[in-house]
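We're numbering straight along the sequence, starting at 1.
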Amino acid sequence: MIDAQRLGLMLNELRLPTIKHIWGDFAAQADKEGWPASRFLAALAEHELAERDRRRIGRHLAEAHLPAGKTLDCFAFEAVPMISRPVMALCAGDGWLDQGSNLILFGPPGGGKSHLAAAIGLALVENGWRVLFSRTSDLVQRLQVARRELTLESAIAKLDKYHLLILDDFAYVSRDQAETSVLFELISARYERRSLLITANQPFGEWNRVFPDPAMTLAAVDRLVHHATIFEMNVESYRRRTAQARRTGAGRPAAYTTPKVLETIRDNQDENEVLASDN
């Protein structure tokens, strides 16, 4: 006979809550079907591990702050057909996140950049990676507060727990010198160690109009494009197409243009070519 109460206390001490709740039913089934002890133990361990994975993913989803409802299943890949296969490969996370490589999505407003970034983030969390999604302006404000409190280095270090940091609307509005400075420190701190996913509606050649310090902007771009994959999503605004479809009764809008997928940039020569082409 087993002292069930004492066993429950021991499982609590060992931090095995799933086994604590299921062992009785599994023991009854094992006795009924004549399982060997090894099968019984393996079944308990498998369920404990599966539940731990589920709880871990739940915690990581809560901390990721991903926009609700932005999944790959509901993304309009027919509007950007050339990126579907590369995106699916990136969602595994193996390789590029281990190497601290970056992903940059360019395109006009309404083209689906934020949706795609969030969907990639969701897929990565489900595959065991840690992700944080933030509007760039919101994160910059947090880092500026940390700088005023003399804790900027610590604040940036805390972001290291995230394998991927998604900065949405990176080049949406002009920034002053202080904002550019904290962004540059963040980019430099993560360079070749932790990955960034950036969405921007301005190509690199226009970033001098966004940031007041051209030298710092060039240095930031230099770090971002080294070991980066770049998608150009040159499509008409999905919101505009949806509104037009509603007015005409045409249903879901079709794609208007085909995007261009830029190859992964691996060395300084390729990097300079991309910068030159934008200028």
Side-chain angles (χ1 to χ4, degrees), residues 82-83 85-107 113 116-117 120-121 124 129-134 136 139-140 143 152-153 155-172 175 177 179-234 259-279:
M82 291 182 65
I83 72 171
R85 184 174 295 180
V87 164
M88 296 308 172
L90 289 167
C91 285
D94 300 329
W96 71 287
L97 291 183
D98 286 328
Q99 298 168 8
S101 299
N102 300 321
L103 176 59
I104 304 173
L105 310 181
F106 285 121
K113 301 183 301 300
L116 183 59
I120 291 173
L124 289 171
W129 303 92
R130 298 184 74 174
V131 172
L132 176 64
F133 183 102
S134 176
T136 305
L139 186 59
V140 164
L143 294 178
L152 179 60
E153 184 176 350
I156 291 177
K158 288 180 180 178
L159 295 174
D160 271 359
K161 69 180 181 180
Y162 299 106
H163 300 98
L164 180 66
L165 186 57
I166 301 175
L167 300 181
D168 194 32
D169 290 336
F170 187 85
Y172 189 67
R175 295 186 172 87
Q177 186 69 42
E179 291 174 320
T180 304
S181 178
V182 295
L183 266 179
F184 181 76
E185 291 193 45
L186 175 63
I187 292 168
S188 297
R190 294 182 71 88
Y191 176 57
E192 292 190 319
R193 297 190 314 103
R194 289 298 197 198
S195 297
L196 292 167
L197 192 166
I198 287 173
T199 72
N201 60 8
Q202 298 287 341
F204 291 130
E206 303 295 325
W207 282 19
N208 280 340
R209 301 177 184 177
V210 178
F211 299 131
D213 186 341
M216 186 176 291
T217 302
L218 182 60
V221 171
D222 183 70
R223 286 162 174 77
L224 287 173
V225 301
H226 192 213
H227 312 303
T229 299
I230 302 175
F231 293 161
E232 287 190 353
M233 301 170 61
N234 292 322
K260 178 171 61 177
V261 180
L262 300 185
E263 68 277 6
T264 300
I265 301 172
R266 293 298 182 189
D267 53 43
N268 289 329
Q269 180 179 359
D270 291 337
E271 176 183 320
N272 292 334
E273 291 175 358
V274 171
L275 291 173
S277 66
D278 283 330
N279 292 314

A quick test of your reading: do over 12 heavy atoms of other residues, nucleotides or ligands sit less than 6.0 Å from CD of Glu192?
yes
[Y] and [X], any side-chain heavy atoms less than 4.5 Å apart:
X: Arg190; Y: Leu196; answer: yes
X: Leu132; Y: Leu159; answer: yes
X: Phe204; Y: Thr217; answer: no
X: Arg194; Y: Tyr162; answer: no
X: Met233; Y: Leu116; answer: yes

Just how far is it from atom [atom1] of [X] to atom [atom2] of [Y], taken to the nearest 0.5 Å?
X: Ile187; Y: Met216; atom1: CD1; atom2: CE; result: 10.0 Å
X: Asn201; Y: Asp169; atom1: CG; atom2: CG; result: 7.0 Å
X: Trp96; Y: Leu164; atom1: CH2; atom2: CG; result: 4.5 Å
X: Ser134; Y: Ile166; atom1: OG; atom2: CD1; result: 10.0 Å
X: Asp168; Y: Leu139; atom1: CG; atom2: CG; result: 12.0 Å
X: Leu186; Y: Leu143; atom1: CG; atom2: CG; result: 6.0 Å

So which heavy atom on [X] is nearest to which on [Y], and how close?
X: Ile156; Y: Ala189; answer: CG2-CB, 3.5 Å
X: Ala228; Y: Ile104; answer: CB-CD1, 4.5 Å
X: Thr136; Y: Phe170; answer: OG1-CA, 3.3 Å
X: Pro86; Y: Phe231; answer: CB-CZ, 3.8 Å
X: Phe106; Y: Pro203; answer: CE2-CA, 3.9 Å

Assign the ring pair Tyr191 / His227 to parallel, tilted or perpendicular, where the plane angle (0 to 90°) is split at 30° and 60°.
parallel
Short side-chain to backbone donor-acceptor contact, [X] and [Y], under 3.5 Å:
X: Lys113; Y: Leu105; value: no
X: Trp129; Y: Ala92; value: yes
X: Ser195; Y: Ser101; value: yes

